[in-house]
Amino acid sequence: MARSKQGKIEYRSQFAQSGRNFKAGTIEETFPRVSLLKRRIKQYFEACDAEKKHYSVPGLGLFLGIRTKVILNYNPEDEELKEYKLAIDYALQRIEAYAAERLYENRGSTKGTEFLLQNTLGYANKSDVNSKQELEVTEKQRIKQLPDEEVQGRLLRLVPKIDQITKAQ
């Protein structure tokens, strides 16, 4: 008896969540043909839609049976693997677009979506970047304002510590 499309999606999702498909290898080892990878990526998005789950890179990795870092860092040099890279880039872009859209949908807190964007897709909070730069500038200015005797005293206290480090190496 053939399963309905919804039944197939639920079965694939449950199978992926069980961990029985997890290989933690490279993408091309796990998927010998790019068509198989593309089909599994499509199934991931269908399963998320059917179960009303959010798209995520870790979720994609679990569904495919591959570590998240493998997906995020996938950049093959071999020209034959270009199709694999395009499939992965498509999936990442679709997840990124979904996460960005969620920022505009939420009426409450957006911290979870911001966390995902920053930690899995490399986004940075602009205020955090500016704060770090300002902190570095103010520290440099503070050191410049110290009297020469204070700077020399600090340097003299550092010399023995530097000697110990160089002797240990």
Side-chain angles (χ1 to χ4, degrees), residues 1-137 139-140 169:
M1 182 161 101
R3 290 187 191 171
S4 67
K5 184 174 182 177
Q6 182 67 25
K8 287 180 183 178
I9 290 172
E10 288 175 9
Y11 173 77
R12 288 183 188 122
S13 181
Q14 289 172 359
F15 183 74
Q17 297 296 325
S18 72
R20 291 181 292 192
N21 69 326
F22 197 74
K23 295 181 177 53
T26 64
I27 292 173
E28 54 274 3
E29 287 172 354
T30 307
F31 299 97
R33 294 183 321 278
V34 73
S35 60
L36 183 58
L37 173 64
K38 288 179 180 179
R39 187 168 60 231
R40 290 292 290 157
I41 288 171
K42 181 180 176 188
Q43 290 170 354
Y44 167 72
F45 290 115
E46 288 174 352
C48 286
D49 291 340
E51 298 172 11
K52 295 183 174 44
K53 288 186 175 182
H54 300 293
Y55 302 159
S56 69
V57 180
L60 175 65
L62 187 61
F63 194 87
L64 296 177
I66 299 172
R67 292 187 52 98
T68 303
K69 288 183 181 181
V70 172
I71 294 171
L72 291 173
N73 297 328
Y74 189 68
N75 194 15
E77 294 178 11
D78 192 352
E79 196 61 31
E80 294 176 6
L81 302 176
K82 185 178 179 182
E83 288 292 318
Y84 283 93
K85 176 72 173 146
L86 291 173
I88 292 298
D89 285 346
Y90 164 77
L92 290 175
Q93 186 63 41
R94 187 163 171 187
I95 292 169
E96 183 178 355
Y98 172 81
E101 288 170 14
R102 297 279 302 157
L103 284 172
Y104 299 108
E105 287 177 6
N106 291 341
R107 297 189 197 283
S109 175
T110 59
K111 292 292 185 190
T113 308
E114 290 174 15
F115 175 83
L116 287 173
L117 286 170
Q118 290 172 1
N119 291 294
T120 61
L121 296 170
Y123 280 71
N125 186 336
K126 191 173 183 178
S127 63
D128 290 344
V129 173
N130 290 340
S131 298
K132 289 177 186 173
Q133 290 172 346
E134 289 171 10
L135 183 63
E136 289 174 10
V137 169
E139 184 66 20
K140 287 179 184 177
Q169 292 176 348

Next item on the list: Using the test side-chain contact (heavy atoms from CB on, under 4.5 Å), find all partners of T68 that sit at least two apart in sequence or belong to another chain.
Entry: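 Only V57, P58, L72 meet the side-chain contact (heavy atoms from CB on, under 4.5 Å) criterion with T68.
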
Note to self: Any non-hydrogen side-chain atom of K42 less than 4.5 Å from a side-chain atom of R39?
What the structure shows: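 Side-chain contact under 4.5 Å: no.
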
Notebook entry, point to check: Can you find a heavy atom in the side chain of T30 that is under 4.5 Å from one in the side chain of L64?
Noted result: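 Not touching, per the 4.5 Å side-chain cut-off.
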
Item checked: For Y44 against S56, the heavy-atom pair lying closest together ->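 For Y44 versus S56, the nearest heavy atoms are OH-N, 2.9 Å.
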
Notebook entry, point to check: Of all heavy-atom pairs between I41 and A87, which one has the smallest distance, and what is that distance?
Noted result: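 Nearest pair, atom of I41 first, then A87: CD1-O, 3.6 Å.
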
In Å and rounded to the nearest 0.5 Å, what is the [atom1] to [atom2] distance from [X] to [Y]?
{"X": "L92", "Y": "L60", "atom1": "CG", "atom2": "CG", "answer": "7.0 Å"}
{"X": "E77", "Y": "K82", "atom1": "CD", "atom2": "NZ", "answer": "15.0 Å"}
{"X": "R67", "Y": "I71", "atom1": "CZ", "atom2": "CD1", "answer": "10.5 Å"}
{"X": "Q93", "Y": "L86", "atom1": "CD", "atom2": "CG", "answer": "12.5 Å"}

Check: Under 3.5 Å, is there a donor-acceptor pair between the side chain of Y84 and the main chain of F31?
Finding: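 The answer is yes, because a donor-acceptor pair under 3.5 Å joins these two groups.
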
Check: Quick check: does any side chain N or O of K85 sit under 3.5 Å from a backbone N or O of Y74, one acting as donor and the other as acceptor?
Finding: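 Side chain of K85 to backbone of Y74, a donor-acceptor pair under 3.5 Å: yes, one is there.
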
Notebook entry, point to check: Sequence neighbours excluded, which residues qualify as ring-ring contact (aromatic ring centres under 6.0 Å, His included) partners of Y98?
Noted result: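 Expected list: H54, Y55.
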
Next item on the list: Could you tell me whether R94 sits above the aromatic face of F45, with NZ or CZ closer than 6.0 angstrom to the six-membered ring centre and within 45 degrees of the axis?
Entry: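 That pair qualifies as a cation-pi contact.
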
